[in-house]
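One structure is given below, encoded as structure tokens.
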Amino acid sequence: MDFKPSPERQILFDTLKKYFEKEYSLSDRNIAAHSDLGYSKKAWEAMRDLGILESLIDPELDGFGGTALDISTVFEALGRGLVVEPFLEVGILAAKVLSKGNDVQKSLVKKILKNECLPILAHSETDTEYSKSFVETKLSVEADGSYKISGAKRMIKHAAEATHFLVTCRNTGDASSEAGISIACIPTDREGIKIDSFATIDGGRVSDLTFSNVSISSEELVGELGMSYSIVSDAIDTGILAICSEALGIMERIKELTLEYLKTRKQFGVPIGKFQAIQHRMAQLLVEIEQARSSVINATIYFDDETEKEKTISAAKFSIGKIGTLVAEESIQLHGGMGMTWEYDLGHYAKRLVLIDHEFGDEDFHLQKYISL
Amino acid sequence: MDFKPSPERQILFDTLKKYFEKEYSLSDRNIAAHSDLGYSKKAWEAMRDLGILESLIDPELDGFGGTALDISTVFEALGRGLVVEPFLEVGILAAKVLSKGNDVQKSLVKKILKNECLPILAHSETDTEYSKSFVETKLSVEADGSYKISGAKRMIKHAAEATHFLVTCRNTGDASSEAGISIACIPTDREGIKIDSFATIDGGRVSDLTFSNVSISSEELVGELGMSYSIVSDAIDTGILAICSEALGIMERIKELTLEYLKTRKQFGVPIGKFQAIQHRMAQLLVEIEQARSSVINATIYFDDETEKEKTISAAKFSIGKIGTLVAEESIQLHGGMGMTWEYDLGHYAKRLVLIDHEFGDEDFHLQKYISL
Amino acid sequence: MDLNFTKEQENFQIEVRSFLSDNLEPQVVEKVKNGIPITKEDSERWHQKLNEKGWLAGTWPKQYGGQEWDVVEKFIFEEECGSAGAPRIVPFGVGMLAPVLMKFGSQEQRDYWLPRMLTGEDWWCQGYSEPGSGSDLASLKTSAVRDGDHYIVNGQKTWTTFAQHANMIFCLVRTSTEGKPQEGISFILIDMNSPGIEVRPIITLDGSHEVNEIFFSDVKVPAKNLVGEENKGWTYAKYLLTHERTGNANVAVSKRKIQKLKKLADDAKKNEQPLSNDPMFASRLAQIEIDLQNLEITNLRTLASVENGEAPGAESSIIKILGSEIEQDIDNLTRKSLGKRAFVNEPDALSSGYNGAEVVPKAAAYASGKYFNHRKKSIYAGSNEIQKNIISKLMLNL
Amino acid sequence: MDLNFTKEQENFQIEVRSFLSDNLEPQVVEKVKNGIPITKEDSERWHQKLNEKGWLAGTWPKQYGGQEWDVVEKFIFEEECGSAGAPRIVPFGVGMLAPVLMKFGSQEQRDYWLPRMLTGEDWWCQGYSEPGSGSDLASLKTSAVRDGDHYIVNGQKTWTTFAQHANMIFCLVRTSTEGKPQEGISFILIDMNSPGIEVRPIITLDGSHEVNEIFFSDVKVPAKNLVGEENKGWTYAKYLLTHERTGNANVAVSKRKIQKLKKLADDAKKNEQPLSNDPMFASRLAQIEIDLQNLEITNLRTLASVENGEAPGAESSIIKILGSEIEQDIDNLTRKSLGKRAFVNEPDALSSGYNGAEVVPKAAAYASGKYFNHRKKSIYAGSNEIQKNIISKLMLNL
């Protein structure tokens, strides 16, 4: 038994960690994260140069990683850095989908690595339906064998800057049926697409998309007509593993910040970390964070096991959601007013940590899913 | 606005409190509670002499109380004393049912006050069905207009010593239907009744009853054939108010015991109540106990309000169930090993407090009921 | 036990309700109901309307323009305001400084400052906390040294709510370093326009600007602005804190927010059913609702004891803990109920100048922001940890 | 990362499983699985069978009859025992005293006492806690005064598990009152049949007799029974406590209990459906199951670091807290799942002598009793509060 990452992965993690500490200042990050673009193009390019994207992608598509453990290791590091650039959306969600496509679509993955395109998965439709198979966007087959898409997608992160949308849609089946789902890969300047963007609480812009009779050629489908649920499902499962790992990195950083504060902040003549009520709450947080880490390790172990995968993924997302909110709320409380300020790092970590529960299904959704499996 | 009980009720409460402190020693109580009888006949008679039963019963049936506030006041006092004698079963459940009966049955209430009978409501059937209308025990109509009852009742407290059973049964309707429920009042020596008794964790014997073709005359029905749900329902609602109030008395006593322990028990040279982690947990318990009390006051206020009654009763039982278990577990933990011993009072209060959640529906049941109303 | 209002109290309730319905501005109510911060001007217009009615400072003595409301009338007024979505009365002048001046100030101070609170000539803020003195307030360092007819003030205050709007601040300052820290503190009134004062905004994690740092460099303050006696300020400060902590139950506001949350959950879909039908959501919501119902009674019990002449003790600490935590629970569940829409943070979406995409539902414009902003509720006005210390000491005698 | 057992470890696991299935007595397993206390004789028969196989003290060096199991082998053995419902090995001799004797005892002590632990000639109990010394163990007062070849022991021990079965006790006693309290403590072995020893049962709130008080009045103990040096006992005690706290995860036992609970919930009906379909019950159960799954990994991570040569630190405190709380959660939900049947307390219902009415389901005979009895799990072996102190000090450096 050995729970340590391989030496190569450890080196990657340490490199990223050091990079974020030195080069990715949180004050710059916050300006970019809440700008009209929602991230920093400069930082995005600098981090790509480190090979982060390659580490998320299979060797056959010009990457050098892509295993569950690679993804978990890298995203924990991204979490520590509170990176807002679109590694999840492009490096995981879009790349995973495109890797199942035809040669043109596969080549987009290679183009991602060269910074020649920025494809974004446009899947989720209502705010509170987290089911991976919920798709109402309509795909209609035209007389000439081409298709048209009509429908709406909601809360798509980093969509405004995308070069391509990977749009899920259905030509048959009920709204939540797994059968009947297709994916279309289209340029974002295709006629009939409307984009409404919003600022977010945790950084990065988010958009609602409307598709009105958008024309699609048959070569633009990723996978076969109506058979692409498993492609979306795999991409989202990988995304869940990624953001759960991101949450671990955030929690570790929050732990460090909070401990530092407890040791230096003095009231009544002693560091507040000397008060037993505070100590016990902090010890409880440590216990919870260790359990959160174990849940992610468990999901990583079973990520390629068809029978256990979904159950361990849901257990991890539930654990992260529940523990993440606790860690965010407790760490703010332990910081007092300091935790409430924009200027201090903690609040920004806490915001992202809480919002991770809103992506790909919250703690309640995944507990119910766990029960159903 | 005034939340204080009337002077008469305050005097009654204070009298009972003093009586229990002086005359009802917990070591004697424990011996009786875990004896083959399950309570002390001597204590039962002594406490009846104080007029406790009368305070629970309407003036028209020779009592001098019976309002929601009377019942709540008396049961809070009984809770402080950890009284195991059958005031709930006889003074509330049986008396409430009999008070809706014919003259013979009403006269049984008066006989209760003279200690000439001990009627017991035999209603609940399965361990985990808490619905007030769940009755499968069958009432069949014979050719001569008389009836026969067949079925089983479970976990009936103080049944072994009963003189009469008030047996719920149905001649029509589904297992949980409100329509079709009748109540038969029969002597316990009627042929066809089998009684299996068990020791309990919180004191008092509990019995499973089996009825095999037990003959009933039509005069033995309480209320009309198939129309008696509301009688049972009223009795149980009153029972809920009573045991919620009992729980308040128990929690107050637990609070006193725990505070006393925290102030006297020393470790590391100081009373353990000086440790801040302990102080904050105890402060939290106080806050919770105040909320529990408010939930019972709310149920008392609305007890005669047809539209709000069931909702506030369920809110109170939920609050008592949730907070009661917390108070029991935390107080044992704060006492350390001492809370684990038979010899010390705390554990006995804690046991009864937890088990109150198992009577008339637990916290989950009542939360669901609250949601459904 | 008698839980009903008297006839007079009922009539007063009707009068308040009717006043609110006649005088509240709909677009301000909409901001309040959606949790969007209101502007200084919104507050000032509302204060003026209340003052015309004589209700801006209802608990004040009649001689100073108040109504001498008792605790129940105050409660009725505040609950009706909460239900209706009225802006909160900015408390620093009428609610906090005024009781101190009435009890400890000179007649001259009362005569000068109290009327100006009602007319809105002064906007007060509170100079208590310092960077090194939060929970441990008595360790404050901002100094005031007597120099002829003036004090010279140097130091720094922080977490000062609405200092950006204020022209006056009441401050705790150190006038002596001898004896216990509590014994060298004075209570003084400072003009925010004095030379040497600098206000720097503190932006909170949701991007709001409510609180500030204030720097004092050789600020000259007339000696007549000292309240009461020199070095007795701690007594006045404690008196004020007791006043500050009452009325934190916020039951009516929380009830209104629960109604709003229920509406959101009816409209949202989960598993193609209304979210409100989801057993886990319904269970979370019902638990909060029951907690709030219990708090309503707990709060009334405290009020009733005060009404019956008992002094409010550490009970206000219980109310503070419960009131803040229940409101946070509602904010938390509101955020959850919005699902992915909770990412959005567009607090200006209800303002006239907003030209971004419409936020649907409107509540989403600031739901997460408010959730994070309201984490302050368990931190400010004596953190909930401090409240537990108080309960432990005063009610449990530990 | 490599989470698989080696081939050798897998083979060992198969061997343990097959030994257990061949040797466990069904009626003892039934008691264990229903949480009913087993008798001294049940334990002794099981110890003897394990000893015949050489597994009673698997972690011991081979020279003393052990197998030199490493942490993973120990883990495999204990988890398989837990799954199978084997009685726990009574730890006081082989698990607690033995490591101390091996590290700090004399060769003569080892040669005499260790073999007797294996044969069952001695049943040990542990004399640590005193009425005034629980968490603050170093304040213990039981005195041992040297008198020629003997020590004279006076004082009182408490919470002594199975003292009613024991013929020997290892005790911490005070041999000096100078310096820090820790510096005057010695570790000594006492014959329970010595004149002047009285054992009084402590009945726990569920009616069980597991723990005792022991009174020492001028008890003569041979000086050769002192372990190590006089006044160095605190070091030995801490060494023992570290050993005691490992292996508290109890994952296999908790998994077995969850399976049992699921079966109960499938059989019980709520709203005329299986209780296991009730959303609130299902949610409670799933949360415990996930916590336990997470604990399994947390525990394996700790084991892996030990296997890879890192010293186990305060991680064992994390395991102790989680292991105890999760088992308590299961006991709690088991009690809840029984509904009204949870009132029953008939722990003898599985014993041959029982002639009361049959308890259905069997688990109900002692479910509430066990729930209350297991509150001890967060109290004993260093209360969970003490574990948080340790975490705070050693892992958080607060």
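Here is the naming used below: chain letters follow the sequence lines, and residue numbers restart at 1 for every chain.
Using a cutoff of 4.0 Å between basic side-chain nitrogens and carboxylate oxygens, B/Glu363 and D/Arg284 are scored as salt-bridged. We find that B/Asp208 and D/Lys340 are not joined by a salt bridge, their nearest charged nitrogen and carboxylate oxygen being 4.0 Å or further apart. Here B/Asp364 does not pair with D/Lys336 in a salt bridge; the nearest charged N to carboxylate O distance is not below 4.0 Å.
Of the possible polar contacts, none joining the B/Glu343 side chain to the D/Ile202 backbone as a donor-acceptor pair under 3.5 Å is found.
Closest heavy-atom contact between D/Glu272 and B/Ser176: OE2-OG, 2.6 Å.
Contacts of D/Ser337 with chain B are made by backbone atoms alone, with heavy-atom separations under 4.5 Å and no side-chain atom involved. In this structure, chain B has a heavy atom under 4.5 Å from the backbone of D/Ser133, while its side chain stays farther away. Both the backbone and the side chain of D/Arg335 have a heavy atom closer than 4.5 Å to some heavy atom of chain B. Looking at D/Tyr366, there are no atoms closer than 4.5 Å to chain B (heavy atoms on both sides), in backbone or side chain. Of the two parts of D/Lys388, neither the backbone nor the side chain holds a non-hydrogen atom closer than 4.5 Å to a non-hydrogen atom of chain B. In this structure, the portion of D/Asp278 lying under 4.5 Å from any heavy atom of chain B is its side chain and not its backbone. The part of D/Pro131 that comes within reach of chain B is its backbone (N, CA, C, O), which places non-hydrogen atoms under 4.5 angstrom from that chain. In this structure, chain B has a heavy atom under 4.5 Å from the backbone of D/Glu358, while its side chain stays farther away.
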Would D/Lys269 and B/Glu129 satisfy salt bridge (Lys or Arg N to Asp or Glu O under 4.0 Å), going step by step from the backbone distance to the final call?
CA-CA 6 Å; D/Lys269 288 271 192 295; B/Glu129 293 287 2; over 6 Å; no

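Of the N and O atoms on the side chains of D/Asn271 and B/Gln368, not one donor lies less than 3.5 Å from an acceptor on the other residue.
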